[in-house]
Amino acid sequence: WNTVFASSQTAAAAAASSSSDQGSTITTTEAIGGGANLIDEWLIPYTAFSAHWRETTTGKGVIPPSFLQVMNVGCGRSALSAELYDDGFINILSTDISDVIIEELKLKYSGSRPGMKWMVANLFDMSNVMSSSMDVVIDKATLDSVLFRHPTKVRPLLATKAVKEIHRCLKPGGIYYVLSPRAKMFR
């Protein structure tokens, strides 16, 4: 499986980046809030990284987005899942630990975006998601949020557990696409 890191501190270059190397980091000089419209997004709007996302996930357009199984872990109230759907990624499973959030999003999007699925799931135990079922898992600061809310000594254990669970859900050759507000040295 492949991991692509995109830092929100350096995210605007995602649209201009042509690199889709495994484990690559997208860089730019624009920081969070540097003019981007963040009305519904605390981290980064989809438009800031959509070109890189499409290039990375579709093999530079070889695979139609509608063929891909995408899981958005820790979706929160973000509009990301809806934006991915509107961009052609119609097979989306959005997960969050909060049943309240999942119910809100089901009500909000079920009529207008029928291919979207919503599930209450814990990042450390997504046993309700089939093994090897996802082409792409997108993580918009979910792992960051979990790790930086816990004591330093347990972070490696939590990170390992979460990444193993994400890996289990990915198909062979699948992509773990990470959007992180942390500087590269913290990853």
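Below, all heavy atoms of this structure are taken into account, side chains as well, without hydrogens, waters or symmetry copies.
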Participant: Answer yes or no: is there a side-chain heavy-atom contact under 4.5 Å between Ile175 and Thr56?
Facilitator: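 A side-chain contact under 4.5 Å exists here.
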Participant: What's the spacing between Tyr176 OH and Leu170 CG if we round to 0.5 Å?
Facilitator: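 Going from the OH atom of Tyr176 to the CG atom of Leu170 covers 9.5 Å.
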Participant: Are any of the side-chain heavy atoms of Lys140 and Tyr46 separated by less than 4.5 Å?
Facilitator: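 Counting from C-beta outward, Lys140 and Tyr46 never come under 4.5 Å.
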Participant: Just so I know, are the side chains of Ile166 and Leu123 near enough to count as touching, which here means a heavy-atom distance under 4.5 Å?
Facilitator: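 Yes, close enough: below the 4.5 Å cut-off.
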Participant: In the single-linkage hydrophobic clustering (I, L, V, M, F, W, Y; side-chain heavy atoms under 4.5 Å), do Phe148 and Leu143 co-cluster?
Facilitator: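 Yes, it is one cluster - the side chains of Phe148 and Leu143 are joined through contacts under 4.5 Å.
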Participant: By side-chain contact (heavy atoms from CB on, under 4.5 Å), which residues pair with Glu104, not counting sequence neighbours?
Facilitator: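 Per chain and number, Glu104 pairs via side-chain contact (heavy atoms from CB on, under 4.5 Å) with Arg77, Val100.
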Participant: List for me each residue that meets side-chain contact (heavy atoms from CB on, under 4.5 Å) alongside Lys161, sequence neighbours excluded, and say none if there are none.
Facilitator: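 Lys161: side-chain contact (heavy atoms from CB on, under 4.5 Å) contacts with Phe124.
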Participant: Please identify each residue that fulfils salt bridge (charged side-chain N to carboxylate O under 4.0 Å, His left out) with Arg168, with sequence neighbours left out.
Facilitator: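 With sequence neighbours excluded, Arg168 shows a salt bridge (charged side-chain N to carboxylate O under 4.0 Å, His left out) to Glu165, given in chain and number order.
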Participant: Going hydrophobic residue to hydrophobic residue with side-chain gaps under 4.5 angstrom, can you get from Met130 over to Met134?
Facilitator: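 Looking at the clustering, Met134 is in a separate group from Met130.
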Participant: On a heavy-atom basis, which atom in Ser133 and which in Gln69 lie closest, and how many Å separate them?
Facilitator: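 Looking at all heavy atoms of both residues, the shortest contact is O-CB, 3.5 Å.
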Participant: State which residues pass side-chain contact (heavy atoms from CB on, under 4.5 Å) with Thr160; sequence neighbours excluded, sorted by chain then number.
Facilitator: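 Thr160: side-chain contact (heavy atoms from CB on, under 4.5 Å) contacts with Lys164.
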Participant: Honestly curious: do Leu84 and Ile101 fall in one hydrophobic cluster under the side-chain, below-4.5 Å linking rule?
Facilitator: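 Yes, same cluster.
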Participant: Hydrophobic cluster membership, with links at side-chain heavy-atom distances under 4.5 Å among I/L/V/M/F/W/Y: are Ile102 and Met116 in one?
Facilitator: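 Cluster IDs for Ile102 and Met116 match.
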Participant: Counting distance only, does the side-chain N/O of Asn91 pair as donor-acceptor with the main-chain N or O of Val70 below 3.5 Å?
Facilitator: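 No, the answer is negative, given that no donor and acceptor are paired below the 3.5 Å cut-off.
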Participant: Does the side chain of Asn128 reach to within under 4.5 Å of the side chain of Thr95, using non-hydrogen atoms?
Facilitator: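 Of all side-chain heavy-atom pairs linking Thr95 with Asn128, none is under 4.5 Å.
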Participant: Output all residues satisfying salt bridge (charged side-chain N to carboxylate O under 4.0 Å, His left out) with Asp87, sequence neighbours left out; order by chain, then residue number.
Facilitator: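 Arg54.
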Participant: Check for me, please, whether Val137 and Leu158 land in the same ILVMFWY cluster - side-chain distances under 4.5 Å, paths through other members count.
Facilitator: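 Yes, Val137 and Leu158 fall within the same hydrophobic cluster.
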Participant: Going by the rule side-chain hydrogen bond (donor to acceptor under 3.5 Å, both in side chains), which residues pair with Asp135 if we only count those two or more places apart in sequence or in a different chain?
Facilitator: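 For Asp135 the side-chain hydrogen bond (donor to acceptor under 3.5 Å, both in side chains) partners, ignoring immediate neighbours, are Lys171.
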Participant: Does Asp125 have any salt bridge (charged side-chain N to carboxylate O under 4.0 Å, His left out) partners at least two apart in sequence or in another chain, and if so, which?
Facilitator: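 Result, salt bridge (charged side-chain N to carboxylate O under 4.0 Å, His left out) vs Asp125: none returned.
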Participant: Please identify each residue that fulfils side-chain hydrogen bond (donor to acceptor under 3.5 Å, both in side chains) with Ser81, with sequence neighbours left out.
Facilitator: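 Once residues adjacent in sequence are excluded, the partners of Ser81 under the side-chain hydrogen bond (donor to acceptor under 3.5 Å, both in side chains) criterion are Asn72, Ser94.
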Participant: Might you point out which heavy atoms bring Thr152 and Pro156 nearest each other, and give the distance in Å?
Facilitator: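 Where Thr152 meets Pro156 most closely, the heavy atoms are O-CD, 3.5 Å.
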Participant: List for me each residue that meets side-chain contact (heavy atoms from CB on, under 4.5 Å) alongside Ile63, sequence neighbours excluded, and say none if there are none.
Facilitator: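 Residues passing side-chain contact (heavy atoms from CB on, under 4.5 Å) with Ile63: Phe67, Leu68.
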Participant: Sequence neighbours left out, what passes side-chain hydrogen bond (donor to acceptor under 3.5 Å, both in side chains) with Asp99? Give chain and number order.
Facilitator: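 Counting only residues at least two positions away or on another chain, Asp99 forms no side-chain hydrogen bond (donor to acceptor under 3.5 Å, both in side chains).
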Participant: What's the spacing between Ser50 OG and Glu55 CD if we round to 0.5 Å?
Facilitator: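 Reported to 0.5 Å precision, the distance equals 11.5 Å.
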Participant: Distance from Ile138 atom CD1 to Cys75 atom SG, nearest 0.5 Å?
Facilitator: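 If we round to the nearest 0.5 Å, Ile138:CD1 and Cys75:SG are 11.5 Å apart.
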Participant: Going by side chain to side chain donor-acceptor pair (under 3.5 Å), name the pairs with one or both residues in residues 109-121, residues two or more places apart or in two chains.
Facilitator: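 Matches after skipping sequence neighbours: Asp86-Arg113.
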Participant: Does anything in residues 78-99 form a ring-ring contact (aromatic ring centres under 6.0 Å, His included)? List the pairs, not counting sequence neighbours.
Facilitator: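 Only Trp53-Phe89 qualify under ring-ring contact (aromatic ring centres under 6.0 Å, His included).
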